> 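Handing you a structure now.
As the structure is a computational prediction, the values presented were derived from the model and not from experiment. Convention: sequence-line order gives letters A, B, ...; per-chain numbering from 1.
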Protein chains: 2
Amino acid sequence: MKAQALHGHLDALLLAVLEQGPLHGYAIIEALRSRSDGHLDLPTGTIYPALRRLERAGHVASTWSTVNGRERRTYQLTDAGRGALAGERSGWREFSSTVGRFLDADTPPTTTPA
Amino acid sequence: MKAQALHGHLDALLLAVLEQGPLHGYAIIEALRSRSDGHLDLPTGTIYPALRRLERAGHVASTWSTVNGRERRTYQLTDAGRGALAGERSGWREFSSTVGRFLDADTPPTTTPA
DNA sequence: CTTCATACGTAGCAACGCTACTTGTCGTTC
DNA sequence: GAACGACAAGTAGCGTTGCTACGTATGAAG
């Protein structure tokens, strides 16, 4: 998967994984990886700043905890975040249907008929 | 449609509209607008540099002509461009199905029952 | 003669995600 | 007990990309 393709859709993905329950950053990375069959293997340098962006925006809230001597920052969706997710979803639908109109259309006949 | 959403997919769109035949820049803008029901209304400052990028990459070729005293630069897909388009299409499919797995899933019950 | 549609273009900016690196604990292996 | 990998968090700086705001010029319409 091309790296820059995510541009503008990462927030939506993060909100979507958090919709199913609170997770800490590292677990979010793993959730994205497993739920996408390995297609989304995002580096920490992508995830952590994005989560802080979302927190600044009020879409998620975080709480620290210590598990086995390891510091964890667990994020959970806020009500505002749930609203934002709904918006992102409809935005995604519009975007993907618009672009899909140009790109999904016809796979050029790879099966070039004789 | 959010502005930055296109990030990384613009080239694919341009190749896709040119797949149906050569067009000049201004006509490409109109084609994108009409074929997307107005959702894609891209400014010249987006299109022209993108077309030059594609030309530098060898995906399109341009020829100048004068129509009614107006200079036109008509772009057409090259063979390499056709190949690139095929790649972009499969990239798009992978991308949209991956993201869609998170976002298309379930429209949260907008029909919040009273 | 002014305005709008046509037609091309550039300069500079802002956003976003990535690469590369750092810090620290725990568990396992040598 | 040293070393290494998995776990867990983070920052600094960079490159790409599309957008905003301009600038130029012709032809048609009023």
> Contact list please: residues 53-75 of chain A against DNA chain C, heavy atoms, distance less than 4.0 Å, in numerical order.
A:Arg53, A:Asn68, A:Gly69, A:Arg70

> Applying side chain to side chain donor-acceptor pair (under 3.5 Å) as the test, list every pair that has at least one member in residues 24-33 of chain A; sequence neighbours left out.
A:Arg33-A:Asp41

> Could you tell me which residues satisfy side-chain contact (heavy atoms from CB on, under 4.5 Å) with A:Ser90, sequence neighbours excluded, listed by chain and number?
none

> Identify, with sequence neighbours excluded, every residue that meets salt bridge (charged side-chain N to carboxylate O under 4.0 Å, His left out) alongside B:Arg70.
none

> Return the residues of residues 39-48 of chain A meeting this criterion: a heavy atom under 4.0 Å from some atom of DNA chain D. Order them by number, or give none.
A:Thr44, A:Gly45, A:Tyr48

> Just to verify, what does A:Thr66 make a side-chain hydrogen bond (donor to acceptor under 3.5 Å, both in side chains) with, not counting sequence neighbours?
A:Glu71

> Taking CZ from B:Arg33 and P from C:dA7, how many angstroms apart are they, rounded to a whole number?
12 Å

> Could you tell me which residues satisfy side-chain hydrogen bond (donor to acceptor under 3.5 Å, both in side chains) with A:Asn68, sequence neighbours excluded, listed by chain and number?
none

> Which residue, A:Asp11 or B:Glu30, contacts DNA chain C at a nucleotide closer to its 5' end, judged by nearest heavy atom?
B:Glu30

> The helix from C:dC1-D:dG30 to C:dC30-D:dG1: angle between its terminal axes, five pairs each, to 10°?
0°

> Who are the side-chain contact (heavy atoms from CB on, under 4.5 Å) partners of B:Ala84, not counting sequence neighbours?
B:Leu15, B:His59

> Can you list everything that forms a salt bridge (charged side-chain N to carboxylate O under 4.0 Å, His left out) with A:Arg52? Sequence neighbours excluded, please.
none

> Report yes if a side-chain nitrogen or oxygen of B:His24 is closer than 4.0 Å to either non-bridging phosphate oxygen (OP1 or OP2) of C:dA7; otherwise report no.
yes

> Do any pairs count as a side chain to side chain donor-acceptor pair (under 3.5 Å) and have a residue in residues 72-87 of chain B, sequence neighbours left out, and if so which ones?
B:Glu55-B:Arg73, B:Ser62-B:Arg73, B:Arg73-B:Tyr75

> Please list, chain by chain and in numerical order, all residues satisfying ring pair (Phe, Tyr, Trp, His ring centres under 6.0 Å) with A:Phe95, sequence neighbours excluded.
A:His9, A:Trp92, B:His9, B:Trp92

> So how far is it from A:Leu77 CG to A:Leu23 CG, rounded to the nearest 0.5 Å?
11.0 Å

